[in-house]
Amino acid sequence: MNKHFLGDTAVLLGRSLRHIGRSPDTIITTAVMPIAFMLLFVYVFGGAIDTGTDSYVNYLLPGILLITIASGISYTAFRLFLDMQGGIFERFQSMPIARPAVLWAHVLTSLVANVISLVVVVLVALAMGFRSGAGVLAWLAVGGILILFTLALTWIAVIPGLSAKSVDGASAFSYPLIFLPFVSSAFVPTGTMPGPVRAFAEHQPVTSIVNAIRDLFTEQPVGADIWTALAWCVGILVVAYVFATVSYRRKIS
């Protein structure tokens, strides 16, 4: 790896963040849909859903945070696709720039943008009545899980960003990821679901991640859920990173 990798990544990250700064509607759009879901479920459906908790917004928020991330990473694929089509990558290849720095700049931009969106969603949840007695360590653990989940999904987003044939194809991959929390413990307990649906919900990554975050917020013992959540996040991250880097090398070879 080029010895200037860190410096090159920082420069390209600054470039990407300037683009975000010039179009803040990207972050606003990312946060609007999860907030709309939160308002809909809390104020329209919340009274009819029995989760065994006093506050439905407390129960709901972990899943909404994951939807926020899934919504945000579609812009990573979109921006990467535009750079590919605009010939930016070819220009970078003619310069003494560390090749991995181009991808890492997009990934870190996604991380920064998603963190901002997550903060906005949490602030809205607080206005809606969300409360947590979690301490600093619990909040740090929640932050760590969300960052890992963001990195995992972002590296997934890199793949269609490099290989898609159209703008719609680059971002459409995120739709299943956005709706995956609906078949999990994010909105209702999995015990209320029919057999096959329940089996899927209990053994997909979102449920363990949601349960771990919910337990941390409510100061409950997290048990095996946090280790299952971390295993899912790290596993997805490693596999997505490998496929993304292989795809990138083929594109620039």
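Scope of the values below: all heavy atoms of this structure, side chains included, with no hydrogens, waters or symmetry mates. Everything quoted here is computed from the prediction, not taken from an experiment.
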To check you understand the geometry: which heavy-atom pair defines the closest contact between [X] and [Y], and what is its length?
X: Leu61; Y: Met38; answer: CD1-SD, 4.1 Å
X: Ala186; Y: Val210; answer: CA-CG1, 4.0 Å
X: Cys233; Y: Ala152; answer: O-CB, 3.7 Å
X: Trp232; Y: His203; answer: CZ2-O, 3.7 Å
X: Ile156; Y: Pro160; answer: O-CD, 2.9 Å
X: Ser184; Y: Gln204; answer: CB-NE2, 3.4 Å

Do [X] and [Y] have side chains that get closer than 4.5 Å, going by heavy atoms?
X: Val206; Y: Val183; value: no
X: Thr207; Y: Asp225; value: no
X: Ile145; Y: Ile209; value: yes
X: Trp227; Y: Val222; value: no
X: Tyr59; Y: Phe41; value: no
X: Leu177; Y: Ile73; value: yes
X: Met33; Y: Ile178; value: yes
X: Tyr248; Y: Val102; value: yes

Test log, rule side-chain contact (heavy atoms from CB on, under 4.5 Å), inputs Val107 and Thr76: CA-CA 7 Å; Val107 170; Thr76 302; 5.7 Å; no
Verdict with supporting geometry, Val158 and His106, side-chain contact (heavy atoms from CB on, under 4.5 Å): CA-CA 8 Å; Val158 168; His106 280 281; 5.7 Å; no
Please round to the nearest 0.5 Å and tell me the distance separating atom [atom1] of [X] and atom [atom2] of [Y].
X: Leu180; Y: Ile67; atom1: CG; atom2: CD1; answer: 9.5 Å
X: Leu151; Y: Ile69; atom1: CG; atom2: CD1; answer: 9.5 Å
X: Arg249; Y: Leu103; atom1: CZ; atom2: CG; answer: 10.0 Å
X: Leu111; Y: Ile116; atom1: CG; atom2: CD1; answer: 10.0 Å
X: Leu126; Y: Ser132; atom1: CG; atom2: OG; answer: 9.5 Å
X: Leu237; Y: Phe149; atom1: CG; atom2: CZ; answer: 12.0 Å

Ile213/Leu146 under side-chain contact (heavy atoms from CB on, under 4.5 Å): CA gap, chis, key distance, verdict: CA-CA 9 Å; Ile213 294 174; Leu146 293 175; 3.7 Å; yes
Sequence-distant partners of Ser74, side chain to side chain donor-acceptor pair (under 3.5 Å), two or more places apart: none
Those residues that, when tested against Thr109, pass side chain to side chain donor-acceptor pair (under 3.5 Å) (two or more places apart): none
ring-ring contact (aromatic ring centres under 6.0 Å, His included) partners of Phe217, counting only residues at least two apart: Phe130, Trp139
With Phe200 via ring-ring contact (aromatic ring centres under 6.0 Å, His included) - residues at least two apart: none
Could you give the side-chain donor-acceptor pairs of residues 187-197 under 3.5 Å, partners two or more places apart or in another chain?
residue : atom : partner : partner atom : Å
Thr190  : OG1  : Glu202  : OE2          : 3.0
Thr192  : OG1  : Pro189  : O            : 2.8

Holding to side chain to side chain contact (heavy atoms under 4.5 Å, CB included), I want the full list of residues that pass it with [X], two or more places apart in sequence or in another chain.
X: Val234; answer: Leu148, Val238
X: Ala138; answer: Ala134, Leu216
X: Ser55; answer: Val57, Asn58
X: Gln220; answer: Asp215, Thr218

Is there a path of hydrophobic side-chain contacts, each under 4.5 Å between heavy atoms, that joins [X] and [Y]?
X: Val136; Y: Val122; value: no
X: Leu137; Y: Leu230; value: no
X: Ile226; Y: Leu140; value: no
X: Leu13; Y: Val11; value: no

side-chain contact (heavy atoms from CB on, under 4.5 Å) assessment of Leu108 paired with Leu17: CA-CA 9 Å; Leu108 294 176; Leu17 290 177; over 6 Å; no
Hydrophobic cluster of Val239, others only, ordered by chain and residue number, side-chain cut-off 4.5 Å: Ile159, Phe243
Side chain to side chain donor-acceptor pair (under 3.5 Å): pairs with one or both residues in residues 140-156, sequence neighbours excluded: Ser110-Thr154
Greater than 12 external heavy atoms within 6.0 Å of Phe78's CZ: no
Thr245 side chain to Tyr241 backbone, donor-acceptor under 3.5 Å: yes
